[in-house]
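Report on one structure; see the data block that follows.
In what follows, every heavy atom counts, from backbone to side chain, and hydrogens, waters and symmetry copies are set aside. Given the structure is predicted, the values throughout are model-derived calculations rather than measurements.
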Amino acid sequence: GRRETVSSFSPRQLKEWLKKHYTGTQTVVSVCGNYDRDLFLRQAEERFGKIAAGEPRTAAPKTPYRRSCMVTPRPIEQTHLCFCVPGLPSRSEKRWAMSMLNMILGASSSSRLFQRIREERGLVYSIGTDCAPYAGGGLLYVQAAVNPGDAKQAAQETIAVLNRARLGVTQQEFARAREGLKSSLLMSMENSMSRCAYTARGALAGEILSDDELLERVQSVMNLTIFITVNVGVFNLLPIPGLDGSRFVFLLIEAIRRK
């Protein structure tokens, strides 16, 4: 952190915060691979047995989405654009549809944004999307690195691509995204560290899915679910022109260009 942020709290406040939040009910020790179960349990007890249990875990409050605009001048040659829109919580039943939508929009070189804005128009150095799910809410975001002179065009083209997604996706896009997501999920757990992290997150959330269960959840997503996710869960709330009449993006681009 910066000097002004680090100096805003005392060591005593930090210790109190750790004592309140780093408790037994908020902690998971995950292990996988070839290990000695009895030895592991004994060592875990030695290292973590004295941690206070703490208060029972409660459901996370819903995190409200707030529209905002931030411009951060930096001494670099590129302009970086980031558009964030409401996503879905980490345990939402529609999270698999959201992940497939992410694949279709910008998570690969065959995605709509990459093909249209980078390959066809040549407006950006790079562009992509990703999901940021949390317990009480989530985000779907677009990131792009552009030449400052192309920033306005790139933003307008991004809006157009997002707008067209409201009409639905093709069966070819749907099938490619589903298979791509399956491969991504399985490959992301090829090493012990990744699998430990996945298991720990699942334990905290109260649901640990096997590989077969993961694939079954993805396979069960219907094209219609993606269409509903786009129109109800995400893009009706976009604070951008062409969707609700706001001048948000154009004000953002003008602010960037003035910097």
Side-chain angles (χ1 to χ4, degrees), residues 76-88 90 94-133 138-191 193-194 197-198 211 214-215 217-227 229-231 233-235 238 240 242-243 249 252-253 256:
I76 57 177
E77 295 181 354
Q78 299 178 6
T79 292
H80 289 250
L81 304 177
C82 182
F83 305 99
C84 295
V85 299
L88 296 174
S90 57
K94 295 187 178 71
R95 65 186 184 277
W96 311 109
M98 176 64 78
S99 295
M100 289 173 63
L101 172 63
N102 176 52
M103 298 283 290
I104 292 168
L105 287 178
S108 71
S109 58
S110 61
S111 65
R112 290 187 178 189
L113 285 168
F114 190 93
Q115 285 295 315
R116 174 59 180 170
I117 300 176
R118 187 184 187 280
E119 298 297 283
E120 295 179 18
R121 297 299 309 278
L123 292 172
V124 300
Y125 303 113
S126 65
I127 188 167
T129 62
D130 205 352
C131 299
L139 294 172
L140 174 68
Y141 59 90
V142 183
Q143 288 183 315
V146 305
N147 182 300
D150 294 327
K152 185 172 183 178
Q153 263 192 299
Q156 291 172 329
E157 285 288 350
T158 299
I159 295 164
V161 172
L162 296 179
N163 220 355
R164 285 194 293 272
R166 299 178 68 190
L167 303 176
V169 302
T170 68
Q171 194 60 34
Q172 182 181 14
E173 287 178 315
F174 174 77
R176 186 170 58 224
R178 184 158 62 184
E179 294 309 309
L181 181 57
K182 288 180 184 178
S183 299
S184 177
L185 287 171
L186 292 180
M187 291 178 65
S188 68
M189 290 189 287
E190 284 192 334
N191 63 70
M193 185 64 72
S194 298
Y198 166 76
D211 292 354
L214 277 173
L215 296 179
R217 295 288 179 92
V218 175
Q219 186 66 33
S220 67
V221 175
M222 298 175 60
N223 200 326
L224 178 62
T225 308
I226 294 183
F227 178 79
T229 300
V230 172
N231 282 277
V234 184
F235 294 118
L238 279 173
I240 52 181
L243 299 180
V249 167
L252 171 63
I253 298 303
I256 292 172

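At least one side-chain heavy atom of Leu113 sits less than 4.5 Å from a side-chain heavy atom of Thr158. Side-chain contact between Val142 and Leu105: absent, with no pair of heavy atoms (C-beta onward) separated by less than 4.5 Å. Taking 4.5 Å as the limit, every side-chain heavy atom of His80 sits out of range of all side-chain heavy atoms of Gln143. Counting heavy atoms from C-beta on, the side chains of Ser110 and Arg176 come closer than 4.5 Å.
Scored by the salt bridge (Lys or Arg N to Asp or Glu O under 4.0 Å) test, Glu173 finds Arg112 as partners (sequence neighbours excluded). Judged as a side chain to side chain contact (heavy atoms under 4.5 Å, CB included), and not counting sequence neighbours, the contacts of Met189 are Arg195, Tyr198, Asp211, Leu214. Scored by the side chain to side chain contact (heavy atoms under 4.5 Å, CB included) test, Leu185 finds Trp96, Leu181, Val218 as partners (sequence neighbours excluded).
Closest approach of Ala132 and Tyr141 over heavy atoms only: CB-CE2, 4.0 Å. The nearest pair of heavy atoms linking Phe83 to Ala155 is CZ-CB, 3.9 Å. Considering all non-hydrogen atoms of both residues, Gly106 and Ser111 come closest at CA-OG, 3.1 Å.
Panel note: side chain Thr129, backbone Asn102; a donor-acceptor pair is recorded below 3.5 Å. With hydrogens and angles disregarded, no donor-acceptor distance shorter than 3.5 Å links the side chain of Arg116 to the backbone of Arg121. Within the 3.5 Å criterion, the main-chain N or O of Ile127 finds no donor-acceptor partner in the side chain of Arg118. When atom types are taken as modelled, the side chain of Gln78 and the backbone of Pro148 share no donor-acceptor pair closer than 3.5 angstrom.
The environment of Gln172 atom CD is sparse: at most 12 non-hydrogen atoms of other residues, nucleotides or ligands sit within 6.0 angstrom. Around the CD atom of Glu77, the shell of radius 6.0 Å holds no more than 12 heavy atoms that belong to other residues, nucleotides or ligands.
Taking CD of Gln156 as the start and CD1 of Ile117 as the end, the distance is 11.0 Å to the nearest 0.5 Å. The structure places CZ of Phe174 at 9.5 Å from CD of Glu179, a figure rounded to the nearest 0.5 Å.
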